[in-house]
Amino acid sequence: MATTLITGGTVVSATGRGAADLLIDGERIVALIEPGATVLGANLTETVDTVIDATGKYVIPGGIDAHTHMSMPFGGTTAADTFETGTRAAAWGGTTTIIDFAVQKFGERVQDSLQTWHDMAAGECAIDYSFHQIIGDVNDESLRAMRELPGEGISSFKLFMAYPGVFYSDDAQILRAMQTGADTGLLTMMHAENGPAIDVLVGQLLAQGKTDPYYHGIARAWELEEEATHRAIMLAKLTGAPLYVVHVSAKQAVAQLAAARDRGQNVFGETCPQYLYLSLEDQLGAPGFEGAKWVCSTPLRSKHDHHQDEAWQALRTNDLQMVSTDHCPFCMKGQKDMGIGDFSKIPNGIGSVEHRMDLMYQGVVDGKISLERWVEITATTPARMFGLYGRKGVLAPGADADVVIYDPNGHTSIGVEATHHMNMDHSAWEGYEIDGHVDTVLSRGKVVVDDNTYLGRKGDGRFVRRDPCQYLT
Ligand SMILES: [Zn+2]
């Protein structure tokens, strides 16, 4: 097996940082050693196959993006990134594992949907991947099928309180699925927005001629996120199901999660870069149809109500535990433009899988989170939350050699022309200037990105079976 030594860098974990060299043998990390130390009389720099100089740089575990939708069918179209293009873009940005969502549609067998997603991803991915299972049709048969998921290496499933007639589960279905989840050791993930109420508001706004993208954010009011979050928490409490609320954007929903955690309940929340940086007014409310670029659900929130600041604070205080992207890109031409004259027909989603590590690092630069917290919310907690810890999310002997060498003195300009590798005709982050740069990325010991060059191949990434949730605090 080929050996690699990463020398001279500062190794950063969720709990600290220090100078150390990282020794990799094949696909695994075998040791962290004192810089320059001789091992059994040998200087490792002379005996290993490859030496990578990380002087002046951070050496961190590869990012884990636990919320992506490659090739996701939505609103009569399909997310623009495939498993091939999306995972390659992820690698460029220092993410070495994604957890995507297999979608059980209404009337479909759960097992068949999972197989469909395996077929889409197999042999296509640049980095390792796993799946959560969306249960879009809770019934006796799908509840039985849920019990088979841990045996398939799937330890989490997702329900929707939004999108009536598509993915929506009513309260009776949620209760039954949570009971099964609690009983089976599956983590319940929830899209928490009151979909039936949203649909009424959508209809009323359109009838008043309010058709611009901005009104997507008005229809999906924060009250309906707070209410659904509270309802999900109460149903989870009743059933004893651990609960993970995806893409939390409203500060009032954060408060619901914090209150439940203070009562000792196992509830967790994820937010996304768009809810930390972007707003209802500045992006969704952009002139003309431009705001369509930022139509996603939950929606961007008002900057006047300081939802963004509250989300940063919640990340600091662990009221929110991690950051994923909800990567679900659609092009403006031929996809988003289906909603010209009717915001409800704009496919929901933003593409960020490539930028999560960089965007969250700006929180370190700005003094909003520590360097260690950056690693924790982007890699270590996702690994613990979703049953990957030990293999992923940590630089320790025995772990997969998923490693990012990050240059804090580097610079990254984000833009559709300049840098990005996602399969999109625009960037939701156009013009963002990043302090920091992903220099080198290793996926299971193989250098896949180095010096602004992609060295990987599709099919490098493998399906990763997951253990049960390990994050109960
Ligand atoms: Zn999503």
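Sorted by first and then second residue, the salt bridge (charged side-chain N to carboxylate O under 4.0 Å, His left out) pairs involving residues 317-327 (not counting sequence neighbours) form an empty list. For the side chain to side chain donor-acceptor pair (under 3.5 Å) condition, the pairs that include at least one residue of residues 1-12, sequence neighbours left out, are Thr3-Asp49.
Looking at residues two or more places apart in sequence or on another chain, you find no side chain to side chain donor-acceptor pair (under 3.5 Å) involving Thr116. Under the salt bridge (Lys or Arg N to Asp or Glu O under 4.0 Å) criterion, Glu27 pairs with Arg444, Arg462, not counting sequence neighbours. Applying the side chain to side chain donor-acceptor pair (under 3.5 Å) test to Gln252 and every residue at least two apart in sequence or in another chain returns nothing. For Glu354, there are no salt bridge (Lys or Arg N to Asp or Glu O under 4.0 Å) partners, not counting sequence neighbours. Considering only residues two or more places apart in sequence or on other chains, Asp402 meets the side chain to side chain donor-acceptor pair (under 3.5 Å) condition with Lys392. In terms of the salt bridge (Lys or Arg N to Asp or Glu O under 4.0 Å) criterion, residue partners of Lys446 (sequence neighbours excluded) are, by chain and number, Asp460. Partners of Tyr244 by ring pair (Phe, Tyr, Trp, His ring centres under 6.0 Å), not counting sequence neighbours, listed by chain and number: Phe386. Remark: Asp305 engages no residue in a salt bridge (Lys or Arg N to Asp or Glu O under 4.0 Å) (not counting sequence neighbours). For Trp374, the ring pair (Phe, Tyr, Trp, His ring centres under 6.0 Å) partners two or more places apart in sequence, or in a different chain, are Tyr361, Tyr406.
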Using distance only, find each side-chain donor-acceptor pair of residues 89-97 under 3.5 Å and give its atom names and separation, not counting sequence neighbours.
{"residue": "Thr95", "atom": "OG1", "partner": "Arg356", "partner atom": "NH2", "Å": "3.4"}

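Using modelled atom types and a 3.5 Å distance limit, the side chains of Asp451 and Thr453 yield no donor-acceptor pair.
In this structure the side chain of Asp128 reaches within 4.5 angstrom of the side chain of Asp400, judged on heavy atoms.
Around atom CD of Glu417, no more than 12 heavy atoms belonging to other residues, nucleotides or ligands sit under 6.0 Å away.
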